[in-house]
Number of protein chains: 2
Amino acid sequence: MDQLDATFAALADPTRRAILARLIQGEASVMELAEPFAMSQPSISKHLKVLENAGLISRGRDAQRRPCRLEAKPLAEANDWLERYRKIWEGNFQRLDALLGAMKAEKAPDSTDQ
Amino acid sequence: MDQLDATFAALADPTRRAILARLIQGEASVMELAEPFAMSQPSISKHLKVLENAGLISRGRDAQRRPCRLEAKPLAEANDWLERYRKIWEGNFQRLDALLGAMKAEKAPDSTDQ
DNA sequence: AGGGTATATACCCGATTGGATATATACAGG
DNA sequence: CCTGTATATATCCAATCGGGTATATACCCT
């Protein structure tokens, strides 16, 4: 599966998005991540595996715990993909310039609007 | 299904992303959209239905044709969701830069699949 | 070694997905 | 009305998904 496929597929589930949202606050164990959900621990582990396979999280080792943390890169790729469309659909060139600037440290002149 | 669920799920398929990419150039009929793919017409119609149900495209009527065009709103929502994370990771990178001074191993591949 | 805790793996199951083919519908033009 | 064209719908099928329970593994502590 393509990276973008895996990223968007992982983001298509509300449980997984909630897990990512929780991880904004910092690392968390599986138990901690499972707590808000009416769902079994293995199901959460499965969601975490999907996120990990998509590269959206990575995991450490702390005794029996396998703390999860956010990984930015696949999110950045998904964001880049969406930014392209946002630029076209909304005519928002500021964001595109910011994106191109971040990616290539170079401005992308484009005078053709709409 | 939640709007974000539907949007991300629709974007998780490379055929559907390619269809959206094609629609950047303007409206297109089902036949025109199907042409680049080694796939039956009904399969393309099914993909279009997924995109339409997610609100990512809308359809008109031109004789027998049902031209498709891009719709911005759901994309904007998905983009907003990702933007939140972009801000976080940019913040993290700033902190990281502050700590490590110079750490540059970023590649910037422009790998838009279509 | 044995017990407790945290997490992963192995199946099971029903629903959904993404493809196919065959058929139905909608419309244009002679 | 009939034909051709564009598109949608109806099944079918294998694969994947998202949940469950039961069990295994990994690690800490006494």
Side-chain angles (χ1 to χ4, degrees), chain A residues 1-23 26-71, chain B residues 1-23 26-71 113-114:
Chain A
M1 183 153 55
D2 184 76
Q3 174 63 60
L4 223 36
D5 292 19
T7 302
F8 283 128
L11 294 177
D13 186 280
T15 301
R16 290 193 290 263
R17 286 199 308 278
I19 287 173
L20 293 179
R22 163 64 183 79
L23 288 176
E27 290 196 355
S29 69
V30 177
M31 286 275 116
E32 288 165 350
L33 291 172
E35 190 273 331
F37 302 101
M39 200 179 293
S40 67
Q41 168 264 313
S43 293
I44 297 291
S45 279
K46 227 188 270 186
H47 280 303
L48 292 176
K49 174 158 274 185
V50 172
L51 291 169
E52 190 177 16
N53 288 339
L56 287 164
I57 65 173
S58 62
R59 327 202 49 181
R61 169 69 77 179
D62 166 32
Q64 308 104 21
R65 300 168 185 223
R66 306 289 317 277
C68 304
R69 65 174 174 279
L70 275 178
E71 287 295 332
Chain B
M1 181 153 57
D2 184 75
Q3 176 62 62
L4 268 182
D5 291 20
T7 302
F8 283 129
L11 294 177
D13 185 281
T15 301
R16 289 192 291 262
R17 287 199 307 278
I19 287 172
L20 294 179
R22 163 63 183 79
L23 289 176
E27 291 195 355
S29 69
V30 177
M31 285 276 121
E32 288 165 350
L33 291 172
E35 190 272 330
F37 302 101
M39 199 179 297
S40 67
Q41 168 265 314
S43 294
I44 297 291
S45 279
K46 224 189 270 187
H47 281 303
L48 293 175
K49 175 158 272 186
V50 172
L51 290 170
E52 190 176 15
N53 288 339
L56 287 165
I57 66 173
S58 62
R59 326 201 50 180
R61 168 68 78 179
D62 167 32
Q64 306 105 16
R65 305 173 146 223
R66 306 288 318 277
C68 305
R69 65 175 173 279
L70 287 174
E71 287 295 331
D113 66 294
Q114 52 176 353

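Letters A, B, ... mirror the listed sequences (proteins, then strands); counts begin at 1.
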Quick one: do A:L51 and A:E71 satisfy side chain to side chain contact (heavy atoms under 4.5 Å, CB included)? Show the steps, please.
CA-CA 10 Å; A:L51 291 169; A:E71 287 295 332; over 6 Å; no

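- Contact between the side-chain N/O atoms of A:S43 and the OP1/OP2 oxygens of D:dG18 is not found at any separation under 4.0 Å.
- For B:E32, the salt bridge (charged side-chain N to carboxylate O under 4.0 Å, His left out) test picks out B:R65, with sequence neighbours left out.
- Straight-line distance from the CG atom of B:D62 to the C1' atom of C:dA28: 11 Å, rounded to whole Å.
- For the salt bridge (charged side-chain N to carboxylate O under 4.0 Å, His left out) test, no residue two or more places apart in sequence or in another chain qualifies with A:E35.
- Rounded to whole Å, the distance from CE on B:M39 to C1' on C:dT21 is 15 Å.
- Applying the side chain to side chain donor-acceptor pair (under 3.5 Å) rule to A:Q64 yields no partners; only residues at least two apart in sequence or on another chain are considered.
- Partners of A:R59 under the salt bridge (charged side-chain N to carboxylate O under 4.0 Å, His left out) rule, at least two apart in sequence or in another chain, do not exist in this structure.
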5' to 3', nucleotides 1-16 of chain C under a 4.0 Å protein heavy-atom cut-off (B base, S sugar-phosphate only, - none) gives ---BBSBBB-------

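- The CD1-P distance, from B:I57 to D:dA8, rounds to 9 Å in whole Å.
- Every pair passing side chain to side chain donor-acceptor pair (under 3.5 Å) that includes a residue from residues 46-55 of chain B is listed here, sequence neighbours excluded: B:R16-B:H47.
- Between B:I44 atom CD1 and D:dA8 atom P there is a gap of 11 Å when expressed in whole angstrom units.
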